[in-house]
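First up is the structure itself, then whatever we jot down about it.
All of these numbers come straight from a predicted model, not from anything done at the bench.
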Amino acid sequence: MGELYIRGEWTNAAADGRRDVINPYDASVVTTVDEADATDVKRAVRAARGAFDEEGWASAPTRRRADVLMRAHDLLLRDTDEIARTETLDPGKTLTEARIDVEDVATPGGAPALGEEGARP
């Protein structure tokens with residue numbers, strides 16, 4: 001299984017590049033991941049553009065888009081502790097800082113704002 005998620009599939013990096021993720025606290029290898037290059041970035045951007053233009057995101061009703069964003073919000077908040085623990089291993093953040101980051105990503109502007117946008121005609 002590849003480690004880049006592009007167009008709904010796990011795929012390997014185009015150049016088969018890989019790198020170790022190092023824990024800054026003790027220099028241990030946390031995991032090894034695929035290393036994306038310009039080809040992978042172009043592929044991901046094309047996939048995102050296609051999802052936006054061709055697969056209905058842009059034309060989806062605002063309520064549907066808000067529901068998707070709220071679902072992402074709910075999942076991020078549900079899994080905050082697990083995501084935060086993982087994040088402490090990569091850049092070496094404290095658990096408190098990592099939790100704040102997850103909450104910030106989950107709610108840029110607040111969950112009620114997402115729901116209200118979805119309620120607009």
Side-chain angles (χ1 to χ4, degrees):
M1 173 172 97
E3 295 196 33
L4 303 177
Y5 194 72
I6 300 174
R7 198 168 192 82
E9 300 178 342
W10 290 104
T11 184
N12 293 318
D16 291 325
R18 301 198 36 91
R19 71 175 178 88
D20 291 336
V21 175
I22 306 296
N23 181 330
Y25 175 74
D26 62 9
S28 64
V29 175
V30 176
T31 191
T32 302
V33 297
D34 279 25
E35 180 107 82
D37 65 8
T39 300
D40 299 307
V41 172
K42 287 176 186 174
R43 200 165 36 124
V45 169
R46 275 195 309 273
R49 182 86 253 173
F52 186 81
D53 292 339
E54 301 158 19
E55 295 177 24
W57 180 258
S59 62
T62 309
R63 176 81 260 164
R64 172 72 182 123
R65 291 184 298 196
D67 289 346
V68 170
L69 293 173
M70 286 301 297
R71 178 73 174 138
H73 165 266
D74 292 345
L75 291 171
L76 283 165
L77 291 183
R78 181 195 74 189
D79 296 336
T80 294
D81 288 340
E82 179 181 353
I83 296 167
R85 278 192 301 276
T86 302
E87 186 65 6
T88 64
L89 298 175
D90 186 11
K93 287 187 174 212
T94 67
L95 193 53
T96 299
E97 286 177 297
R99 281 189 184 117
I100 290 168
D101 286 350
V102 174
E103 291 166 4
D104 285 348
V105 168
T107 314
L114 294 176
E116 289 304 315
E117 277 301 309
R120 289 185 178 181

[atom1]-[atom2] distance between [X] and [Y], expressed to the nearest 0.5 angstrom:
X: Trp10; Y: Asp34; atom1: CH2; atom2: CG; answer: 10.0 Å
X: Arg43; Y: Arg46; atom1: CZ; atom2: CZ; answer: 8.5 Å
X: Arg99; Y: Asp101; atom1: CZ; atom2: CG; answer: 12.0 Å
X: Ser59; Y: Arg64; atom1: OG; atom2: CZ; answer: 12.0 Å

>> Quick check on the hydrophobic clustering: are Val21 and Leu89 connected, directly or via other members, by side-chain heavy-atom contacts under 4.5 Å?
In response: yes
Any side-chain heavy atom of [X] sitting closer than 4.5 Å to one from [Y]?
X: Thr94; Y: Thr88; answer: no
X: Val68; Y: Trp57; answer: yes
X: Val45; Y: Val41; answer: yes
X: Arg19; Y: Val33; answer: yes
X: Ile83; Y: Leu76; answer: yes

Minimum heavy-atom distance [X]-[Y], with the two atoms named:
X: Thr39; Y: Asp37; answer: N-OD1, 3.0 Å
X: Ala13; Y: Leu4; answer: CA-CD1, 3.6 Å
X: Ala84; Y: Val102; answer: N-CG2, 4.2 Å

> Are Lys93 and Glu87 within salt-bridge range, i.e. N to O under 4.0 Å?
Replying inline: no
> Is Arg71 paired with Asp74 through a side-chain N to carboxylate O contact shorter than 4.0 Å?
Replying inline: no
>> For Glu3 and Thr32: C-alpha separation, side-chain torsions, deciding distance, then whether side chain to side chain contact (heavy atoms under 4.5 Å, CB included) applies.
In response: CA-CA 9 Å; Glu3 295 196 33; Thr32 302; 5.7 Å; no
> Is the backbone N or O of Ile22 less than 3.5 Å from a side-chain atom of Asp20, with the two atoms forming a donor-acceptor pair by type?
Replying inline: no
> Given Thr80 and Glu103, is the side chain to side chain contact (heavy atoms under 4.5 Å, CB included) satisfied, shown in steps?
Replying inline: CA-CA 7 Å; Thr80 294; Glu103 291 166 4; 4.2 Å; yes
> Given the rule in the side chain to side chain contact (heavy atoms under 4.5 Å, CB included) test, do Arg18 and Glu35 qualify, once you have shown the distances and angles that lead to the verdict?
Replying inline: CA-CA 5 Å; Arg18 301 198 36 91; Glu35 180 107 82; 5.9 Å; no
